[in-house]
Number of protein chains: 2
Amino acid sequence: MSRSRDAVHEILRRSESFRSAQDIFTEMRSVGAKIGLTTVYRALQALNDDGRVDVLRTDDGEAVYRACASGVHHHHLVCRACGRTVEVAGPDVERWAEAIGAEHGFVEITHTVEVFGTCADCSGPR
Amino acid sequence: MSRSRDAVHEILRRSESFRSAQDIFTEMRSVGAKIGLTTVYRALQALNDDGRVDVLRTDDGEAVYRACASGVHHHHLVCRACGRTVEVAGPDVERWAEAIGAEHGFVEITHTVEVFGTCADCSGPR
DNA sequence: GACAGTTTTGACAACCGTTTTCATTTTCCT
DNA sequence: AGGAAAATGAAAACGGTTGTCAAAACTGTC
């Protein structure tokens, strides 16, 4: 797993928003790349297994991916208009999740947090 | 929209974990209810539109529903073993999300937060 | 109660994103 | 080069969800 996997990774690194598999596939094809949809899916899961990309589900159940700048735990602030995404750290949230879990007797706490909003560019010059 | 919608709502109120549409459909049928899968889906979206149930997506993209006890904003602490769910409030998280958004020039902030863990019953008596 | 009009229902087909299959191609190693 | 193993992609299979459309269940009115 290598050639196409790097290509997919490259696309994601150049994007600053979450992209769907089909979306990536279309872009690659339109640029002339000879790649199959299946391979894009496989590359994405491989990249995700390696922790090189973040995945999340849109409200309609589609999986969207993004190359994460850091391998460490973080969350996303996503513009609902243009899709621009900022990685944010949330030590307070991590602590809160742990505390909430402990309070109810839960162990091995994990959590998912996504923040949405409209960025300055999209809401500003009205 | 009434008969079956109430039936679906009732099932959810009796469950303390998130349920999928198909899951609910199967249960209703096994109890002898004469209802179609389509109707279950319709009832669920209607209930969701009315803010009577919470929806979230599992990692494999399936939509799961739960009757929320309160109409006010809250989050969930879900046992990954038995699915038991506790509603939790997180004023700190709300503030954090607002702050993070503002810091990056985003407005109209919303967020999704789900906490997962293993509950006492499922991890305790080893 | 009968009737016309509206709403709800459900079997079935259509959708759509994702995964599997499997035969072909490419890569890697010696 | 030669052969085994990994990667690829077209097409088919899958699974959850939504659309279609005719039949059934309510509505309110005479």
Side-chain angles (χ1 to χ4, degrees), chain A residues 1-12 15 17-67 78 80 83 85 112 114, chain B residues 1-12 15 17-67 78 80 83 85 112 114:
Chain A
M1 206 175 287
S2 182
R3 187 63 40 80
S4 48
R5 178 175 131 165
D6 286 344
V8 170
H9 195 193
E10 182 57 24
I11 294 265
L12 283 178
S15 310
S17 57
F18 280 87
R19 310 285 300 273
S20 71
Q22 319 246 8
D23 184 14
I24 294 169
F25 170 67
T26 303
E27 172 173 335
M28 295 182 79
R29 273 301 180 83
S30 75
V31 178
K34 298 197 312 303
I35 192 172
L37 181 54
T38 310
T39 304
V40 172
Y41 275 106
R42 275 193 287 240
L44 287 170
Q45 19 184 81
L47 288 167
N48 183 52
D49 288 346
D50 293 359
R52 287 194 219 276
V53 302
D54 295 330
V55 196
L56 66 86
R57 295 269 174 182
T58 61
D59 284 344
D60 56 308
E62 192 178 23
V64 286
Y65 305 80
R66 178 168 197 274
V78 186
R80 66 169 69 82
T85 303
T112 66
E114 303 297 337
Chain B
M1 206 174 291
S2 184
R3 187 62 39 82
S4 49
R5 180 175 131 164
D6 286 343
V8 170
H9 195 195
E10 181 57 25
I11 294 266
L12 283 177
S15 310
S17 57
F18 279 87
R19 311 283 301 271
S20 71
Q22 320 247 7
D23 184 14
I24 294 168
F25 169 68
T26 304
E27 173 173 334
M28 296 182 78
R29 272 301 179 81
S30 75
V31 178
K34 297 196 312 304
I35 192 173
L37 181 54
T38 310
T39 304
V40 173
Y41 275 105
R42 274 192 289 240
L44 288 171
Q45 22 185 78
L47 288 168
N48 183 52
D49 288 348
D50 293 359
R52 286 194 221 275
V53 302
D54 295 331
V55 196
L56 67 85
R57 294 270 173 182
T58 61
D59 283 342
D60 55 307
E62 192 178 25
V64 287
Y65 305 80
R66 177 167 198 275
V78 186
R80 66 169 68 83
T85 302
T112 67
E114 303 298 336

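So you know, we letter chains A, B, ... as the sequences are listed, proteins then strands, and number each from 1. Model, not experiment: these values are computed from the prediction.
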Quickly work out the [X] [atom1] to [N] [atom2] distance and round it to whole Å.
{"X": "B:R5", "N": "C:dG10", "atom1": "CZ", "atom2": "P", "answer": "15 Å"}
{"X": "B:I35", "N": "C:dT9", "atom1": "CD1", "atom2": "P", "answer": "7 Å"}
{"X": "A:K34", "N": "C:dT24", "atom1": "NZ", "atom2": "C1'", "answer": "15 Å"}
{"X": "A:L56", "N": "C:dG17", "atom1": "CG", "atom2": "C1'", "answer": "16 Å"}
{"X": "B:F25", "N": "C:dC12", "atom1": "CZ", "atom2": "C1'", "answer": "13 Å"}

Report each atom pair, protein N/O against N/O of nucleotides 24-27 of chain D, whose distance is under 3.5 angstrom.
residue, atom, partner, partner atom, Å
D:dC26, OP1, B:R3, NH1, 3.2

For residues 46-53 of chain A, run the donor-acceptor check on the side chains, cut-off 3.5 Å, and write out each pair with its distance to 0.1 Å, sequence neighbours left out.
residue, atom, partner, partner atom, Å
A:D50, OD2, A:R5, NH1, 3.2
A:D50, OD2, A:R5, NH2, 2.8

Give every residue pair that meets the salt bridge (charged side-chain N to carboxylate O under 4.0 Å, His left out) criterion with at least one member in residues 58-67 of chain B, sequence neighbours excluded.
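Those involving residues 58-67 of chain B are B:R66-B:E87.
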Test of understanding: with ring pair (Phe, Tyr, Trp, His ring centres under 6.0 Å), list the residues that count as partners of A:F18, not counting sequence neighbours.
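Ring pair (Phe, Tyr, Trp, His ring centres under 6.0 Å) list for A:F18, sorted by chain: A:H76.
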Can a side chain N or O of B:R29 be found less than 4.0 Å away from OP1 or OP2 on C:dG10?
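No, because none of the side-chain N or O atoms of B:R29 sits under 4.0 Å from OP1 or OP2 of C:dG10.
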How does protein contact run along nucleotides 16-23 of chain D, one letter per nucleotide 5' to 3', with B for base contact, S for sugar-phosphate only, - for none, heavy atoms under 4.0 Å?
SBBB----
Partner set under side chain to side chain donor-acceptor pair (under 3.5 Å) for [X], not counting sequence neighbours:
{"X": "B:T26", "value": "none"}
{"X": "B:E27", "value": "B:R19"}
{"X": "A:S20", "value": "none"}
{"X": "A:R29", "value": "none"}

Are side-chain heavy atoms of A:L12 and A:L44 found at a separation under 4.5 Å?
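SC-SC contact between A:L12 and A:L44 confirmed.
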